Amino acid sequence: MTKYDIIIIGSGLGGLECGAILSKEGYNVCVLEKNSLFGGCFQSYRRKGHLFDTGIHYIGSLDEGQIMNQCFRYLGIMDKLKLRRLDESAFDQIYYKNGIYNFAMGDSLFTETLSEYFPHEKDNLQRYTEKLSEVGRLISVDHLKKGIIAVEGMKYFSTSATALISEITSNRDLQNILCGSSLLYGGIKDVSTFYQHAMINHSYIESAYRFVDGSMQVSLELINVIRSNGGTVLNNKEVTRIIVENEKVKGVEINNEEIIESNHVISNMHPKRTLELLDKNRSIKNAYISRINSLKNTYGVFTLHLVMKKESYPYINSNYYLNENDNVWYNKENSPKITNCMVSMQASSKSEQYAEVISILTPMYIDELSAWENTTYGHRGGEYAQFKENKAQEILEFTRKRGIDFGQHIETMYTTTPLSYRDYTASIDGSAYGIIKNYKYPQIGFVSTRTKLENLFLTGQNLNVHGALGVTLTAIITCSEFLGQEYLAKKIGNA
Ligand SMILES: Cc1cc2nc3c(=O)[nH]c(=O)nc-3n(C[C@H](O)[C@H](O)[C@H](O)COP(=O)(O)OP(=O)(O)OC[C@H]3O[C@@H](n4cnc5c(N)ncnc54)[C@H](O)[C@@H]3O)c2cc1C
């Protein structure tokens, strides 16, 4: 039986990036994925010849010299990706109180564009982008070159996004518009941290791109890197137990039968799931387990994928964030009413002129689906199908009322709910972005890449910031437990 240096549980972006980095550095890695499709949220599935992205609509900081570009370059995948840069003058369009406000790329164009709507706010907008850059600069290619992965930014984790923005401008409409894409980070009013708001918005203001023909290309390219470095990546291998002997992880059990051994294990699963599968041991204390179990997770999303009739609806190279009046933060109390939607067109190599697939996302808590809580994919029954159909119609009505009418252009529709995410990626309660970071308790929401079992490590969106950028940085931090921060940072920075 092969004994690996490192078993990685889960082939989400975090797991695959760890696999690629560590295999490049000579470790014999084995990535185990429970599903037949790799990639977790970086997975695209096909129905009747159409491709649907599950958890990535756009990605930031991919211009030359920017952080994601550098990381993907180091990983050896940058030049292989098929990308489309979003509209520079309006990568996001925020629908707010019956008006549309554009977010443009680059600090000065961003400021100029919003100043056209708020001419007296130009200085404040400049201060806003400077503040975002201050947080964005905590990570940079220059830092990497000096051997630093990220400069400490705890003060922004303990600062409320809404509070800091209201210090920058007293104009309530502008405050709301600047938070108009809060759905992107599972934003909750007076809870979300300025760190998340700034890190994510700064990254897109730097540069924003869509993947052409699906985000899964990233997963497939990373798998190629791992395999070409001698690593193993296996699908349909659900880890059902993490085996501990003498206070060390010995390996994992897969599909309740086979056992694979390794010197180390990295889990890309939610930390709560990791603990559920872990053998009893003395090293991981009950206090840690109850802290992890008590952490709240962000809302999930209901996704409506529209397949458009051929050459019927124009492809729009920007995203819409549609908000009900001034309601830019989704509020559970309004559930099940739809108050916020994101509309994103998938980029396809078939046409730059017409949309083939359009995805519409709206926040949803799993409570709304309690009637089907104990069901599994494909066996949820007719009432569930009807629930989804009704929700889809409500969404279309919501967009129609805001001037976007897809009606006669739709060929077919597909939907996913938080139950789909719960059952596919094993996210807790179908949460879209994992553990909530609350500025009031910044330390509590942080989960370290290390555990008290010396050879068990964690990675993925739950640890720090979610999304392509957050998960990539966390993967680097996880891998630096093996390679050393300075060594790895310099390698990436100088790639
Ligand atoms: C609807 C939606 C839209 C989003 N849009 C964007 C966006 O536009 N831009 C952006 O940057 N981010 C976006 N995100 C966030 C981003 O997709 C995630 O933060 C990121 O992909 C998470 O990666 P991960 O590696 O942490 O975990 P995941 O992608 O959740 O991967 C975890 C993997 O572990 C596997 N697994 C779980 N349990 C087991 C087990 N027992 N055995 C084996 N394997 C197991 C799962 O099957 C999965 O493959 C979006 C997320 C959602 C849900």
Side-chain angles (χ1 to χ4, degrees), residues 7-19 31-43 52-62 68 86 92 181 183-186 199-200 203-204 208-211 215-216 218-219 222 233-242 252-256 265-274 276-277 297-305 319 342 344 346 359-364 416-418 420-428 430-435 458-472 474-475 478:
I7 286 174
I8 298 168
I9 309 172
S11 73
L13 180 68
L16 290 175
E17 287 181 332
C18 285
V31 182
L32 300 170
E33 169 56 47
K34 75 182 181 70
N35 295 321
S36 53
L37 284 182
F38 293 110
C41 290
F42 263 82
Q43 167 191 149
F52 304 94
D53 268 330
T54 51
I56 286 289
H57 301 90
Y58 61 140
I59 172 169
S61 300
L62 267 183
M68 281 306 295
L86 286 171
D92 281 345
S181 57
L183 201 163
L184 187 60
Y185 47 96
M199 199 49 95
I200 290 169
S203 154
Y204 289 117
Y209 286 82
R210 277 188 185 141
F211 291 104
S215 61
M216 192 156 169
V218 173
S219 312
L222 287 171
V233 187
L234 303 172
N235 60 347
N236 298 317
K237 301 283 183 196
E238 176 170 0
V239 171
T240 42
R241 182 181 155 208
I242 304 173
V252 298
E253 173 196 79
I254 36 182
N255 302 335
N256 291 308
V265 167
I266 297 175
S267 173
N268 181 206
M269 295 183 289
H270 192 291
K272 187 174 171 192
R273 298 252 183 256
T274 306
E276 281 166 2
L277 298 183
N297 294 278
T298 69
Y299 46 72
V301 292
F302 180 96
T303 306
L304 169 61
H305 291 296
N319 305 303
M342 179 213 186
S344 184
Q346 285 185 206
S359 305
I360 314 179
L361 279 64
T362 190
M364 182 187 273
T416 61
T417 73
S420 327
Y421 287 89
R422 182 198 67 177
D423 294 349
Y424 271 103
T425 62
S427 79
I428 304 293
S431 158
Y433 312 117
I435 294 170
L458 305 176
T459 202
Q461 68 170 357
N462 295 284
L463 274 63
N464 196 326
V465 176
H466 74 279
L469 176 61
V471 169
T472 301
T474 301
T478 305

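All of these numbers come straight from a predicted model, not from anything done at the bench. Every number for a ligand or one of its atoms is a count from 1 in the order of the listing.
Between Y58 and Y204, the ring planes lie parallel to each other; the angle is under 30°, not in the 30° to 60° tilted range.
Inclusion of G40 in the set of residues having an N or O under 3.5 Å from an N or O of ligand 1 is warranted.
Scanning C41, G300, G39 for the heavy atom closest to atom 21 (O) of ligand 1 points to C41. Considering N236, N268, T416 only, the shortest heavy-atom separation from atom 32 (C) of ligand 1 involves N268.
Side-chain contact between S359 and H57 is present, with at least one heavy-atom pair separated by less than 4.5 Å. Within the 4.5 Å cutoff, the side chain of L222 has heavy atoms near those of the L13 side chain. Taking the side chain as every heavy atom from C-beta outward, V239 and I254 approach each other to under 4.5 Å.
For the atom pair OG1 of T298 and CD1 of I428, the computed distance is 11.5 Å after rounding to the nearest 0.5 Å.
Residue Y424 touches ligand 1 through its backbone alone, judged by heavy-atom distances below 4.0 Å.
Near L361, meaning under 4.0 Å from any of its heavy atoms, are these atoms of ligand 1: 1 (C), 3 (C). In summary, the atoms of ligand 1 found under 4.0 Å from a heavy atom of M269, numbered by their order in the structure, are 37 (C), 38 (N), 39 (C), 40 (C), 41 (N).
Within the structure, the closest approach of I59 to ligand 1 does not fall below 4.0 Å when heavy atoms are considered.
Here the heavy atom of the protein found nearest to atom 16 (C) of ligand 1 is G55 O, 3.7 Å.
Side-chain atoms of N464 and T474 include no donor-acceptor pair closer than 3.5 Å.
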